[in-house]
Amino acid sequence: QVRLVESGGGLVQPGGSLRLWCAASGFTFRMYPMNWYRQTPGKERELVATIGEFGRNTDYADSVKGRFTISRSNPKNTVYLQMNSLKPEDTAVYYCNAPQLEAGGYWGQGTQVIVSS
């Protein structure tokens, strides 16, 4: 079955860095674009970054542009999110998603990122 497992979150001070990763299984990963989202309780889920099937096309939310980098390894069935210069407003649960797989209907458990001094 389709499975998305996000990892790498934790507590970090403002200005610090974290690298998140999402391990995918149960579908042909290399055929699908991948997204990273984040969500804070009580707020709508926000699209953070997107990457094309081959990793050559990437896009970012204005709030993270210049600080976050999305990448992928198709042989490893994994998508990454490198987060630098973290701010308190980056605090959220981060999720990966394949938007063209069953209309983006599969989600993992997410990984918590807390940016605080």
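On a predicted model such as this, the values are computed, not experimentally measured, just so you know.
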Should Leu11 and Leu20 be regarded as members of a common hydrophobic cluster, given that ILVMFWY residues are connected when their side-chain heavy atoms come within less than 4.5 Å of each other, either directly or indirectly? no
Minimal heavy-atom distance between Glu102 and Tyr106, with the atoms involved, is CG-CE1, 3.5 Å
Between the OG1 atom in Thr111 and the CD atom in Glu6, the distance rounded to the nearest 0.5 Å is 7.5 Å
Say whether Val12 and Ile114 are linked into one hydrophobic cluster, either directly or through other cluster members, by side-chain heavy-atom distances under 4.5 angstrom. no
When rounded to the nearest 0.5 Å, the distance separating CD of Gln109 from OH of Tyr95 is 8.5 Å
Test item: Ser63 and Glu46 side chains (from C-beta on) under 4.5 Å apart, heavy atoms:
yes
Notebook entry, point to check: Side chains of Arg45 and Tyr37: donor-acceptor distance under 3.5 Å anywhere?
Noted result: no
Looking only at heavy atoms, the pair that brings Gly26 and Val2 closest together is O-CG2, 3.8 Å
Discussion item. Within the 4.5 Å heavy-atom criterion, are Ser116 and Gln13 side-chain neighbours or not?
Written reply: no
Nearest heavy-atom contact between Val113 and Gly9 is CG2-CA, 4.1 Å
Rounded to the nearest 0.5 Å, the OG1 atom of Thr50 sits from the CG atom of Asn97 at a distance of 11.5 Å
Residues Leu86 and Leu18: closest non-hydrogen pair is CD1-N, 3.9 Å
- Would Tyr60 and Phe68 count as a ring-ring contact (aromatic ring centres under 6.0 Å, His included) if you check the C-alpha gap in whole Å, the side-chain angles of each, and the deciding distance to 0.1 Å? CA-CA 8 Å; Tyr60 301 90; Phe68 289 12; 8.1 Å; no
Rounding to 0.5 Å, atoms OG1 (Thr69) and CZ (Arg19) come to a distance of 10.5 Å
Between Val93 and Gln112, the two heavy atoms sitting closest are CG2-NE2, 3.4 Å
Note to self: I'd like to know if Ile70 and Trp21 are part of one continuous hydrophobic network [Ile/Leu/Val/Met/Phe/Trp/Tyr, side-chain heavy atoms within less than 4.5 Å].
What the structure shows: no
Here's one to test your reading of the geometry: is the NZ or CZ of Arg72 within 45 degrees of the ring axis of Phe29 and under 6.0 Å from its centre? yes
Separation between CZ (Arg38) and CD (Glu89), nearest 0.5 Å, reads 8.0 Å
*asked:* Do Ser25 and Gln1 pair up side chain to side chain, a donor and an acceptor below 3.5 Å, judged on atom types alone?
replied: no
Interatomic distance, CH2@Trp107 vs SG@Cys96, rounded to 0.5 Å, equals 8.5 Å
Any salt bridge between Asp62 and Lys65, counting N to O under 4.0 Å?
yes
Any luck finding a side-chain donor-acceptor pair between Asn84 and Ser17 under 3.5 Å? yes
Closest heavy-atom pair, Ile51 versus Ser71, reported as atoms and distance to 0.1 Å, is CD1-CA, 3.6 Å
